[in-house]
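Note sheet for the following structure.
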Amino acid sequence: MEKKRIKLNSLQSKTLVLLQVLARDPDSASPAGNGNEGDIRITRLPHAHGHHMHVGDYVVSSRDASGLNNKSVWTALSRKGLVRENWEQEIILTKQGLDFVTGLGDKFLTATDH
């Protein structure tokens, strides 16, 4: 039986790619240690200042990062197995979420020097 392809809308994809960037930042993430190898615990979410926020080494428009504060986005990512269901208590990006290719990484992330 063929595995069903996961489809994400634009806001879900943007949110997931931001979580993937945070997962690679040692100041924002650590291994989950929950018995599921490859899961990553996001320990720090960025906060917007002005019209942007810093995510790892990138600057992201606050509008593009609005999914981080959208319950519907989190619920959808959880339902699709990309984050763990207890996202309101702790944010765990699953290995599947970490490996998911959104195709957006280089389209709206801008490297910063400040």
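Treat the numbers as computed from the prediction; the structure is a model and nothing was measured.
Remark: D64 CG to H52 NE2 distance equals 13.0 Å, nearest 0.5 Å. To the nearest 0.5 Å, atom NZ of residue K7 and atom CZ of residue R5 are 6.5 Å apart. F100 contributes atom CZ, which lies 8.5 Å from atom CD of Q20 (distance to the nearest 0.5 angstrom). Put simply, CG on L16 and CD1 on I6 are 9.5 Å apart, with the number rounded to the nearest 0.5 Å. Taken from CG in L18 to OG in S66, the straight-line distance is 9.5 Å, to the nearest 0.5 Å.
Scanning all heavy atoms of the two residues, the minimum distance from L93 to A23 falls at CD2-CB, 3.8 Å. Closest non-hydrogen pair, L8 versus S13, comes out as CB-OG, 3.4 Å. Heavy atoms only, all atoms of each residue included: L98 and G38 are closest at CD2-O, 4.1 Å. Here the closest non-hydrogen pair linking S30 and T43 is OG-CG2, 3.9 Å. Annotation for L104 and S10: closest pair CD1-O, 4.4 Å, computed over non-hydrogen atoms. The two residues A48 and S62 have their closest heavy-atom pair at CB-OG, 3.3 Å.
When the side chain to side chain contact (heavy atoms under 4.5 Å, CB included) test is applied to N69, no partner is found at least two apart in sequence or on another chain. Residues passing the side chain to side chain donor-acceptor pair (under 3.5 Å) test with N70: none are found, sequence neighbours excluded. Remark: E90 pairs with R41 by the salt bridge (charged side-chain N to carboxylate O under 4.0 Å, His left out) rule, at least two apart or across chains. Residues forming a side chain to side chain contact (heavy atoms under 4.5 Å, CB included) with D99 (at least two apart in sequence, or on another chain): K95. In terms of the salt bridge (charged side-chain N to carboxylate O under 4.0 Å, His left out) criterion, R63 has no residue partners (sequence neighbours excluded).
Looking at heavy atoms from C-beta onward, L19 lies in side-chain contact with I42 at the 4.5 angstrom threshold. Using a 4.5 Å cut-off on side-chain heavy atoms (C-beta onward), P46 and L22 make contact. The side-chain heavy atoms of R84 and N36, taken from C-beta on, include a pair separated by under 4.5 Å. For the pair Q96/L82, a side-chain contact is recorded, criterion being any heavy-atom separation below 4.5 Å from C-beta on.
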Exercise for the section: Give the intermediate values and the outcome of side-chain contact (heavy atoms from CB on, under 4.5 Å) for residues R44 and D25. Expected result: CA-CA 10 Å; R44 182 182 65 83; D25 179 5; 3.8 Å; yes
Exercise for the section: Might you work through the side-chain contact (heavy atoms from CB on, under 4.5 Å) test for H54 and V59, ending with a clear yes or no? Expected result: CA-CA 5 Å; H54 297 269; V59 174; 3.8 Å; yes
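Remark: side-chain polar atoms of T94 are not paired, donor with acceptor, to backbone N or O of D39 under 3.5 angstrom.
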Under 3.5 Å donor-acceptor pairs involving side-chain atoms of residues 72-79, not counting sequence neighbours:
| residue | atom | partner | partner atom | Å |
| --- | --- | --- | --- | --- |
| W74 | NE1 | L68 | O | 2.9 |
| T75 | OG1 | K71 | O | 2.9 |

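For H51 and H49, the ring centers are positioned 6.0 Å apart or more.
The environment of CD in E37 is sparse: at most 12 heavy-atom neighbours from other residues, nucleotides or ligands sit within 6.0 Å.
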